[in-house]
K.L.:
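Take a look at this one; I'll ask things after.
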Amino acid sequence: MGNKLLWILVIIIFIPTIECKRILGKGCNSQDLIGLTSFKAAIHIDTSGRLEKWVGQHCCKWDGVYCNNRTGRVAEIRLPGFLSTSDFIAQTQMEGWLSPSITLLSSLEVLDLGGLISLAGTIPSSIGFHLPGLRKLYLYTNNLTGPVPESIGKLSRLEEIHLHENLLSGSIPVSIGMLQNLSKLLLYSNELSGPIPESLSNLTNLVSLDFHGNSLTGHIPEKIGALQVLEELDLSDNLLSGKLPLSITNLTTISVLYLDTNLLEGEIPFPSSSGEMPLLGFLRLHDNHLTGSIPSNIGNLVSLQRVSLANNGLEGSIPSSLGNLSAVTEIYLDGNRLAGQIPSSINRLSQLMFLSISNNLIEGPLPSEMSSLHNLQTLDLSFNVLNLSSIPKWLGGMPSLCRIFLAGAGIQGDFPEILRTTPSPLLELDFSFNHLTGIIPEWLGSLTRLYSLNLSSNSLVSKIPITVTRLHDLAVLDLHSNKLSGPIDGIFEIVSRFSEGSLTYIDLSDNGFSGDIEQIGTGPQCQIKFLNLSHNYLTGRLPGSVGRLVSMKSLDLSYNKLGYELPESLANLSSLEKLKLQRNRFTGQIPNGFLKLRALRELDLSDNLLVGRIPDGRPLSDFPSSSFSGNRGLCGKPLSPC
């Protein structure tokens with residue numbers, strides 16, 4: 001009896017294996033083989049080398065092809081572009097077309113051709129009729145065009161659809177609402193248009209829904225709240241209009257809700273009571289047309305970590321219940337019409353790292369309770385009606401604060417001394433559009449970690465302190481519209497930790513700077529993209545070393561007293577989009593090399609002493625005569641013939 005039982009077990013264990021080998025030994029199912037070879041034939045470049053190994057009849061042994069052990073039919077094609085093993089990580093690609101013959105693989109359950117970058121063609125329109133067992137469809141990050149086929153609604157076993165980052169167009173098919181097993185639907189970053197079908201509310205197993213970065217119109221489905229297990233909803237960056245559906249409050253498992261950058265209007269309908277949306281951690285409603293006030297019980301969203309309501313039409317005061325958001329790290333309320341004072345309850349936000357309430361109607365004084373925000377790193381209160389007169393002393397003692405934006409805050413007097421010794425190294429400072437007077441202090445050079453400094457539109461006098469050369473990380477310097485004077489050499493002599501310099505943006509316009517500009521391009525600062533020295537008293541020549549600034553996009557030296565010939569090396573600035581040299585004393589001819597400035601979109605050489613023929617050809621011929629007027633010696637198109 002025991003021996004008989006042993007033989008039965010042997011038969012049970014080994015017969016399926018023998019059967020599998022027998023099936024595989026026969027080679028590939030003829031229909032599957034045609035489908036696979038047709039797919040391979042449509043691909044002319046495969047940088048992974050996988051397809052070149054597709055030879056012979058035994059397709060179940062091919063790279064990326066997996067067969068059902070029982071039937072021998074191809075069940076999975078896994079050829080993702082991103083390959084990761086214990087030894088290496090590589091991004092591969094396939095160039096060619098997605099052959100419609102892929103639908104011959106009628107037992108297919110998984111189709112993964114995601115991230116191949118250059119795979120073109122369309123999703124076969126008949127896909128729903130031929131792949132009844134398909135569970136996962138990954139065609140993301142390719143160059144696929146055309147519509148999402150209506151027949152996709154017949155793939156009743158589909159669990160995941162990943163079609164994001166393609167060039168798909170047309171509308172989202174209504175039939176998608178028939179896919180009851182769907183848990184992930186990702187169509188973002190395509191060119192889809194039309195409405196979001198109401199049938200989507202039937203997908204009660206949906207966990208992740210992402211349509212962002214398309215051109216979808218119409219309203220958010222009124223019954224969106226029926227998606228009871230939905231955790232992530234991203235409809236941002238579309239053209240959606242109408243009000244936020246009341247049913248959104250029924251999304252009890254939602255943790256990510258991104259509806260920003262649309263045309264949505266009306267009031268924010270949630271939370272209407274405590275306990276709603278208890279897991280919501282990330283909320284983005286910015287860049288819409290929302291009105292009304294911030295919900296008074298917003299503090300009931302106890303899991304919120306990041307919230308952005310910026311750039312809407314919200315009014316009223318900031319509710320004190322905001323202080324209940326104990327987990328929040330980032331709050332963006334800028335660009336609204338919020339009024340009143342910042343509530344003192346804000347001191348309870350112990351995790352807060354970023355607070356932006358700029359461009360509102362917030363009044364001073366600032367609550368001293370803010371000083372207890374020990375984790376606050378960035379504070380932006382610019383362009384309100386704070387009328388601070390001076391910066392509160394406690395602000396200079398906040399332990400983590402490294403980015404301070406107080407533009408248009410009514411600050412008066414000298415540059416704030418309290419910033420000389422802050423607990424945390426200052427990285428960004430913006431005190432533009434205030435009433436600062438006096439000098440830029442020498443101790444500014446001790447702020448060696450400073451990345452961005454904006455003191456524009458004040459009444460500062462004096463020279464730029466020589467200590468500016470110690471600002472080794474400085475990338476953005478904006479001092480325009482002050483009463484500064486003296487030379488500007490020190491700016492270009494800042495020795496950066498980076499081999500080609502750190503400065504990318506310099507605006508010293510509308511001041512009283514004098515001297516020459518011989519240092520431009522000679523020092524370590526060679527990554528400058530924006531340079532505006534206009535409306536000063538600069539003299540001398542524009543040095544040939546300017547040609548080293550090959551990243552330059554905008555150069556404005558207008559309204560100075562610069563002279564001599566224009567350097568040929570300007571032709572090296574192939575990225576230059578704006579060149580303004582008007583109202584100077586430049587002489588000689590316009591260099592022929594200017595014809596190499598193919599990116600040039602704005603040019604003004606007017607009111608100089610230039611002579612000779614304007615070089616014939618684009619881009620110079622594209623500019624109006626006003627770009628060259630006021631040079632009595634110039635001729636040729638677009639001016640009078642020579």
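Here, residue 1 is the first one in the sequence, and each next residue gets the next number.
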K.L.:
Between Ser496 and His472 (side chain of the first, backbone of the second, donor and acceptor by atom type, cut-off under 3.5 Å), is there such a pair?
P.N.:
yes
K.L.:
Measure up the Tyr188 and His164 rings against each other and bin them: parallel (under 30°), tilted (30 to 60°), perpendicular (over 60°).
P.N.:
parallel
K.L.:
Whether the side chain of Asn288 engages the backbone of Asn262 through a donor-acceptor N/O pair (distance < 3.5 Å, no angle test) should be reported.
P.N.:
yes
K.L.:
Within the 4.5 Å heavy-atom criterion, are Arg403 and Tyr451 side-chain neighbours or not?
P.N.:
no
K.L.:
Counting neighbours of CZ on Arg306 that are heavy atoms of other residues, nucleotides or ligands and sit closer than 6.0 Å, is the number greater than 12?
P.N.:
no
K.L.:
Are Ile196 and Phe211 close enough that some pair of their side-chain heavy atoms sits under 4.5 Å apart?
P.N.:
yes
K.L.:
What's the spacing between Asn312 CG and Leu264 CG if we round to 0.5 Å?
P.N.:
9.0 Å
K.L.:
Check whether any side-chain heavy atom of Leu355 lies under 4.5 Å from a side-chain heavy atom of Ile346, and answer yes or no.
P.N.:
yes
K.L.:
Under the side chain to side chain contact (heavy atoms under 4.5 Å, CB included) rule, what do Ile172 and Asn214 come out as? Steps first, then yes or no, please.
P.N.:
CA-CA 11 Å; Ile172 299 170; Asn214 283 286; over 6 Å; no
K.L.:
Do Leu395 and Leu401 come within less than 4.5 Å of each other through their side chains, counting heavy atoms only?
P.N.:
yes
K.L.:
Without swapping roles, check the side chain of Asp334 against the backbone of Asp380 for a donor-acceptor pair under 3.5 Å.
P.N.:
no
K.L.:
How many angstroms lie between CG in Leu381 and OG in Ser358, if you round to the nearest 0.5 Å?
P.N.:
8.5 Å
K.L.:
Applying side chain to side chain contact (heavy atoms under 4.5 Å, CB included), run through Val307 and Leu301 and close with a yes or a no.
P.N.:
CA-CA 10 Å; Val307 55; Leu301 300 175; over 6 Å; no
K.L.:
Walk me through whether Asp510 and His480 qualify under side-chain hydrogen bond (donor to acceptor under 3.5 Å, both in side chains).
P.N.:
CA-CA 6 Å; Asp510 290 286; His480 83 261; over 6 Å; no
K.L.:
Is there side-chain contact between Ile440 and Asn482, with heavy atoms separated by less than 4.5 Å?
P.N.:
no
K.L.:
Out of curiosity, Glu276 CD to Phe270 CZ, how far, rounded to the nearest 0.5 Å?
P.N.:
10.0 Å
K.L.:
Tell me, yes or no, whether the heavy-atom count around Arg135 atom CZ, taken from other residues, nucleotides or ligands under 6.0 Å, exceeds 12.
P.N.:
yes
K.L.:
Which pair of heavy atoms, one from Pro271 and one from Ile298, lies closest together, and at what distance?
P.N.:
CD-CA, 4.0 Å
K.L.:
Run Ile318 and Ile362 through side chain to side chain contact (heavy atoms under 4.5 Å, CB included) and show every step you take.
P.N.:
CA-CA 9 Å; Ile318 299 172; Ile362 299 296; 4.0 Å; yes
K.L.:
Judged by modelled atom types alone, do His212 and Asp237 share a side-chain donor-acceptor pair under 3.5 Å?
P.N.:
no
K.L.:
Are the side chains of Leu186 and Ser208 in contact, using a 4.5 Å heavy-atom criterion?
P.N.:
yes
K.L.:
Run Asp287 and Asn311 through side-chain hydrogen bond (donor to acceptor under 3.5 Å, both in side chains) and show every step you take.
P.N.:
CA-CA 5 Å; Asp287 292 297; Asn311 299 321; 3.2 Å; yes
K.L.:
Check whether any side-chain N or O of Gln525 sits under 3.5 Å from a backbone N or O of Leu503 as a donor-acceptor pair, and report yes or no.
P.N.:
yes
K.L.:
Once side chain to side chain contact (heavy atoms under 4.5 Å, CB included) is applied, do any residues pair with Pro425, and if so which ones, sequence neighbours excluded?
P.N.:
Arg449
K.L.:
Could you check whether atom CZ of Phe282 has more than 12 heavy atoms from other residues, nucleotides or ligands sitting under 6.0 Å from it?
P.N.:
yes
K.L.:
Quick check against the 3.5 Å criterion: does Asn375 have a side-chain atom that pairs as donor or acceptor with the backbone of Met353?
P.N.:
no
K.L.:
For the atom pair CD (Glu231) and OG1 (Thr252), what is the distance rounded to the nearest 0.5 Å?
P.N.:
10.0 Å
K.L.:
Is the shortest side-chain heavy-atom distance between Asn454 and Phe405 below 4.5 Å?
P.N.:
no
K.L.:
Determine the interplanar angle of the Phe415 and Phe431 rings, folded into 0 to 90°, and report it as parallel if under 30°, tilted if 30 to 60°, perpendicular if over 60°.
P.N.:
perpendicular
K.L.:
Treating Ser169 as the side-chain partner and Glu191 as the backbone partner, does any N or O pair qualify as donor plus acceptor under 3.5 Å?
P.N.:
no
K.L.:
Taking all heavy atoms of Ile418 and all of Lys393, pick out the closest pair and write down the distance.
P.N.:
CD1-CA, 4.2 Å
K.L.:
Once you round to the nearest 0.5 Å, how far does CG of Leu251 lie from CD of Glu232?
P.N.:
13.0 Å
K.L.:
Around Lys529, counting heavy atoms of other residues, nucleotides and ligands shown, do more than 12 lie under 6.0 Å from its NZ?
P.N.:
yes
K.L.:
Could you give the distance from CZ (Phe433) to CG (Asn458), rounded to the nearest 0.5 Å?
P.N.:
9.0 Å
K.L.:
With a 4.5 Å heavy-atom cut-off, do Met277 and Leu283 have their side chains touching?
P.N.:
no
K.L.:
So does Leu474 get a backbone contact from the side chain of Ser502, meaning a donor-acceptor N/O pair under 3.5 Å?
P.N.:
yes
K.L.:
Please answer whether the main-chain N or O of Leu263 pairs with a side-chain N or O of Ser241 as donor and acceptor at a distance below 3.5 Å.
P.N.:
no
K.L.:
Write down the atom of Pro343, the atom of Pro319, and the distance for their closest heavy-atom approach.
P.N.:
CG-O, 4.0 Å
K.L.:
Determine, step by step, whether Asp473 and Arg497 satisfy the salt bridge (charged side-chain N to carboxylate O under 4.0 Å, His left out) criterion, reporting the C-alpha distance in whole Å, the side-chain angles of both residues, the deciding distance to 0.1 Å, and the verdict.
P.N.:
CA-CA 7 Å; Asp473 293 343; Arg497 293 186 294 109; 2.8 Å; yes
K.L.:
Asp478 side chain to Asp430 main-chain N or O, any donor-acceptor pair under 3.5 Å?
P.N.:
no
K.L.:
Under the 3.5 angstrom rule, does the side chain of Asn166 hit a backbone N or O of Asn142 as a donor-acceptor pair?
P.N.:
yes
K.L.:
Are Met398 and Ser372 close enough, and set up right, to give a side chain to side chain contact (heavy atoms under 4.5 Å, CB included), and what steps lead you there?
P.N.:
CA-CA 8 Å; Met398 297 180 72; Ser372 63; over 6 Å; no
